[in-house]
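One structure below.
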Protein chains: 2
Amino acid sequence: MENKQKPLSKNQKIILEYIQKNKKPVKAYSILSNVQKKGINAPPQVYRALDKLIEIGKIHKVESQNSFVACKTSDCETPHATAFSICDSCDEVSEINDPKLFKYLLDFKDNSGIKFDGYNLEFFGTCKSCETS
Amino acid sequence: MENKQKPLSKNQKIILEYIQKNKKPVKAYSILSNVQKKGINAPPQVYRALDKLIEIGKIHKVESQNSFVACKTSDCETPHATAFSICDSCDEVSEINDPKLFKYLLDFKDNSGIKFDGYNLEFFGTCKSCETS
DNA sequence: GAGTATAGCGTTATATTATAACATAATTAT
DNA sequence: ATAATTATGTTATAATATAACGCTATACTC
Ligand SMILES: [Zn+2]
Ligand SMILES: [Zn+2]
Ligand SMILES: [Zn+2]
Ligand SMILES: [Zn+2]
């Protein structure tokens, strides 16, 4: 029951804060240009921090957009079991936190009977505000 | 019940055949270098054909790999409802064709009650042959 | 606390993935 | 036949991501 939380490094903190400030997912090079004033100069610095933040579940990558978004479900303990809904029209992304869906997918077995370690699910549709406009 | 199948164009045919020949997903630039002898010279020719083939459900994009794979479930009528299993160790990808999963996901409603038009699901794990080695 | 392993940093260069833009040709629909 | 749509070929460039190298900070272990 320990919550072994290694503190974030300087760059990791800067980049996580920037991602968390944004409601929508952000792109790596947009992160870069927005944190240059904080002394982060080059892509590898961004991508390294992103990799680490993904690994520890603080952020997720939206694969269909090559963008990055902060975890909204209090730091996914199972960081590699993620589900999102994505609006085709405005690119809004929200993380789905549905225990039943989560369990259904982690329990899912393919036809050879094997279970999986993780998954990424991206739903597509039209969000409410785009629907009505 | 019509099966309105527009014939594929020359480039689309070449590229589809190449993808179908491969068991594993292939990358766009690998496609390019392998079809240059057939007169396809530049990235846009590849990406245009890929876009079209995806649209009509002949192939799918594996988002976590930026790779492309032929549809194995007899040309997905719902091309934007796709599920794959991906081996973390050898990158093998197989398309999951499970009607129950399919229905579960297409019927899924988020907490605001809205349904989605499509989805992409990628499961991660270790495939059988990697497991035993 | 000295030694060592691990993780992070800063930098330059480069690899990989994808699209813009424009002129032309082929196909399909009216 | 004309018009609209779809596809092609080409050049250039944008956008995304990693390799490689030397250095520094932090954590571990004896
Ligand atoms: Zn999360
Ligand atoms: Zn929207
Ligand atoms: Zn398919
Ligand atoms: Zn494998």
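This one's a predicted model, so the numbers in the text were calculated from it and none came from an experiment. Proteins get letters first, then strands, A, B, ... in listed order; numbering begins at 1 in each.
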From CG of B:L50 over to C1' of C:dA18, roughly how many Å is that when rounded to an integer? 11 Å

For DNA chain D, the residues among residues 28-42 of chain A that have a non-hydrogen atom under 4.0 Å from it: A:Y29

Is the ring pair A:Y104/B:Y104 parallel, tilted or perpendicular, if the boundaries are 30 and 60 degrees? parallel

Please list, chain by chain and in numerical order, all residues satisfying side-chain contact (heavy atoms from CB on, under 4.5 Å) with B:K10, sequence neighbours excluded. B:I14

Pairing residues for A:E122 by the side-chain hydrogen bond (donor to acceptor under 3.5 Å, both in side chains) criterion, not counting sequence neighbours: A:S64

Taking only residues two or more places apart in sequence, or in another chain, which ones meet B:N111 in a side-chain hydrogen bond (donor to acceptor under 3.5 Å, both in side chains)? none

Which pairs pass salt bridge (charged side-chain N to carboxylate O under 4.0 Å, His left out) with one or both residues in residues 20-29 of chain B, sequence neighbours excluded? B:K23-B:E92

Listed in order of residue number, which residues of residues 7-17 of chain B have a non-hydrogen atom at under 4.0 Å from DNA chain C? none

Show your reasoning for whether side chain to side chain contact (heavy atoms under 4.5 Å, CB included) applies to A:L53 and A:L8. CA-CA 9 Å; A:L53 292 168; A:L8 298 178; 4.2 Å; yes

Outermost nucleotides of DNA chain D that come under 4.0 Å of a non-hydrogen atom of chain A: D:dT16 to D:dA20

Any side-chain N or O of B:N66 below 4.0 angstrom from OP1/OP2 of C:dT16? no

Give me, pair by pair, the N or O atoms of the protein and of nucleotides 20-25 of chain C that are less than 3.5 Å apart, along with how far apart they are.
unit_1: C:dA21; atom_1: N6; unit_2: B:R48; atom_2: NH2; d: 3.3

As a quick check of understanding, evaluate side chain to side chain contact (heavy atoms under 4.5 Å, CB included) for A:N120 and B:N120, giving each step before the final call. CA-CA 8 Å; A:N120 179 252; B:N120 179 251; 5.9 Å; no

Please name all residues satisfying side-chain hydrogen bond (donor to acceptor under 3.5 Å, both in side chains) with B:K103, sequence neighbours left out, ordered by chain then number. B:D107

Can you check the A:L53 CG to C:dA7 C1' distance for me, whole Å? 14 Å

Given B:F124 and B:F84, is the side chain to side chain contact (heavy atoms under 4.5 Å, CB included) satisfied, shown in steps? CA-CA 9 Å; B:F124 304 99; B:F84 301 97; over 6 Å; no

Check whether the ring centres of A:F108 and B:F123 lie less than 6.0 Å apart, and answer yes or no. yes

Salt bridge A:K52-A:E55, side-chain N to carboxylate O under 4.0 Å: yes

Those residues at least two apart in sequence (or on a different chain) that pass side-chain hydrogen bond (donor to acceptor under 3.5 Å, both in side chains) with B:Q65 are B:S67

Taking B:V46 as the fixed residue, which of B:D51, B:I31, B:N11 is the one that meets the side-chain contact (heavy atoms from CB on, under 4.5 Å) rule? B:I31

Helix axis bend for the helix from C:dG1-D:dC30 to C:dT30-D:dA1 - C1'-based end axes, five pairs, 10° rounding: 50°

State whether B:K27 places a side-chain N or O below 4.0 Å from either non-bridging phosphate oxygen (OP1 or OP2) of C:dT16. no

By the side-chain hydrogen bond (donor to acceptor under 3.5 Å, both in side chains) test, which pairs, at least two apart or in different chains, include something from residues 30-41 of chain B? B:Y18-B:N34

Output yes when at least one side-chain N/O atom of A:Q45 is less than 4.0 Å from OP1 or OP2 of C:dG10, else no. yes

Could you walk me through whether B:D117 and B:H80 pass the side chain to side chain contact (heavy atoms under 4.5 Å, CB included) test, one step at a time? CA-CA 8 Å; B:D117 303 332; B:H80 300 299; over 6 Å; no

